[in-house]
Amino acid sequence: MATHVNSLSDGLKISDLLNDGITFEIGDDVGNNEEEEDEEFPYSPHVQFTNQEMLNMLNMNNFEDEEEEEEHDAGPSTIYGMSFSKLKSKMTSLTPDQKVMKFIKQNGVGEIIPQDAQVSVHYLGNLEYRDEPFDSTYSSGKPRTLRLNQNFILPGLEIAIRSMRKHEKSVFIIHPDLAYKAIGCPPRIPPNEEVAFIVHLIDYVDNGSALTYQDLNAEEKQSFNHVELPIIHMLATARDHFTKFNFKQAIREYRRAIDCLESVKLKDISEENRMNELLSRACTNVGICYNKEKLPFKACLALGRVPIPTAKSYYNFGIALLNIGEYDCAMKELRKALVLEPRNNSIQKAIQTTNAKQLKYREIERRLWQNCFRSNTEKKKVTEFRKAVSDLCENLIQSNDVLRQSLSEGFTREEYEIVREEAAIHGLNVVTSTRHGKETVYLQKNKP
């Protein structure tokens, strides 16, 4: 008998789903969500599932025809309990010799992916009549990124993936000649064994043109016409890494594109304009990645090189400057961003945050100057000066988005000694930076 559930908040048991099913009431607590994914089998890449749960979500238990199920009344059948020959009866061949067979469980969208694409996939690898898969991405909850046409993937699996469209879910059976061959992969995969892969193609990036850059000769790499398309694909690859929160790899790709752009020779103003557009995208986005990685100094360097600034580049430059305690400079950049996008809530909020931190710092700075001592007769102010320095250290520590704080110029040697003592007590460093011949002393947090 089916289990009855009054509310989804009660939770569901996989065992109930697999056995007699579940019935549940829908009341006022369940509303319509027009923005819900309309995929047939939605999933979250951040949630771990067992392999059997994924098979059920992929609806792998309905390969048998409804008429056959009614006639034999054998119950649901999964890929674990079904012969490959039976699966093949419902499949089409991707090769003339039928060594790669395919069954589409959910149609994808758009065109078939490019031959040199970089793909993001979830998959299960199964052997005939085995209870557990020999390979699975679902156990970790993270899709795997594969690059086609690089001889890194099983030949049969590459043929299979090349036949797919974005969001497609399909089942493939691959002959051992295009899988693990006569050797197998001991101890999990015996010799001369057919394998089945259930593949969900989540996304892809056409990375083929980016790869061709390395094949250009030195003269071609200096020609904008030759490098423009490969660089566009480098930026697309970097963006794909960014969307997967792989900021370090995105930084590598963006920097690679920047290096390529800065080495070209431009023939006319048209090429210069197109190059500046690409360079602006790359510098802005690598600056954002540096901010995500909490590397604001490198973010400042990148964002300061943007040839065609936008509200996006000004905003992220301001955030990077805020993170290193350069409040005046941060405010200038944020105000430039606000001029371009006066209704942007993120920019407005950043300005408010910067203003609040700036006012707090100035108040502490005022106290420092009021209580600094320049002669023996004024040493009674030491206690108040030390308290102001301590408050400055505490303020820096409590500001999660600020890594360092500059000190005013003109303190005596004794006053700087108190600064160093308080910094050591609070676990901070005192560092000196020279820029344009001007020396500035900072309180700085230790790197995580």
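All values derive from a computational prediction rather than experimental measurement.
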Only counting residues at least two apart or in another chain, list the ones meeting ring-ring contact (aromatic ring centres under 6.0 Å, His included) with F247.
F242
Please enumerate all residues that pass side-chain contact (heavy atoms from CB on, under 4.5 Å) together with P191, with sequence neighbours excluded.
none
Should N126 and P133 count as side-chain neighbours, where that means a heavy-atom distance under 4.5 Å?
yes
Which residues satisfy the salt bridge (charged side-chain N to carboxylate O under 4.0 Å, His left out) test with D328, sequence neighbours excluded?
R362
With sequence neighbours left out, what residues match K267 under side-chain contact (heavy atoms from CB on, under 4.5 Å)?
N225, E271
More than 12 heavy atoms of other groups within 6.0 Å of K298 NZ:
no
Kindly write out the residues that satisfy salt bridge (charged side-chain N to carboxylate O under 4.0 Å, His left out) with K357, not counting sequence neighbours, or none if the list is empty.
D401
R162 meets the side-chain contact (heavy atoms from CB on, under 4.5 Å) criterion, sequence neighbours left out, with Q115, L148, N149, E158
Could you list the donor-acceptor pairs under 3.5 angstrom formed by side chains in residues 171-186, with sequence neighbours left out?
| from | atom 1 | to | atom 2 | distance (Å) |
| --- | --- | --- | --- | --- |
| H175 | ND1 | D177 | N | 3.0 |
| D177 | OD2 | K99 | NZ | 2.6 |
| K181 | NZ | D177 | O | 2.7 |

Can you list the residues that meet the ring-ring contact (aromatic ring centres under 6.0 Å, His included) rule with Y327, with sequence neighbours excluded?
none
Quick one: do the N246 and Q249 side chains pair a donor with an acceptor below 3.5 Å?
no
Pairwise side chain to side chain donor-acceptor pair (under 3.5 Å) hits with a residue in residues 311-320, at least two apart:
N285-K312
List in chain and number order the residues that pass salt bridge (charged side-chain N to carboxylate O under 4.0 Å, His left out) with K166, two or more places apart in sequence or in another chain; answer none if no residue qualifies.
D203
Kindly write out the residues that satisfy side-chain contact (heavy atoms from CB on, under 4.5 Å) with C300, not counting sequence neighbours, or none if the list is empty.
F317, A320, L321, I324
For K248, what residues pass the salt bridge (charged side-chain N to carboxylate O under 4.0 Å, His left out) criterion, not counting sequence neighbours?
E293
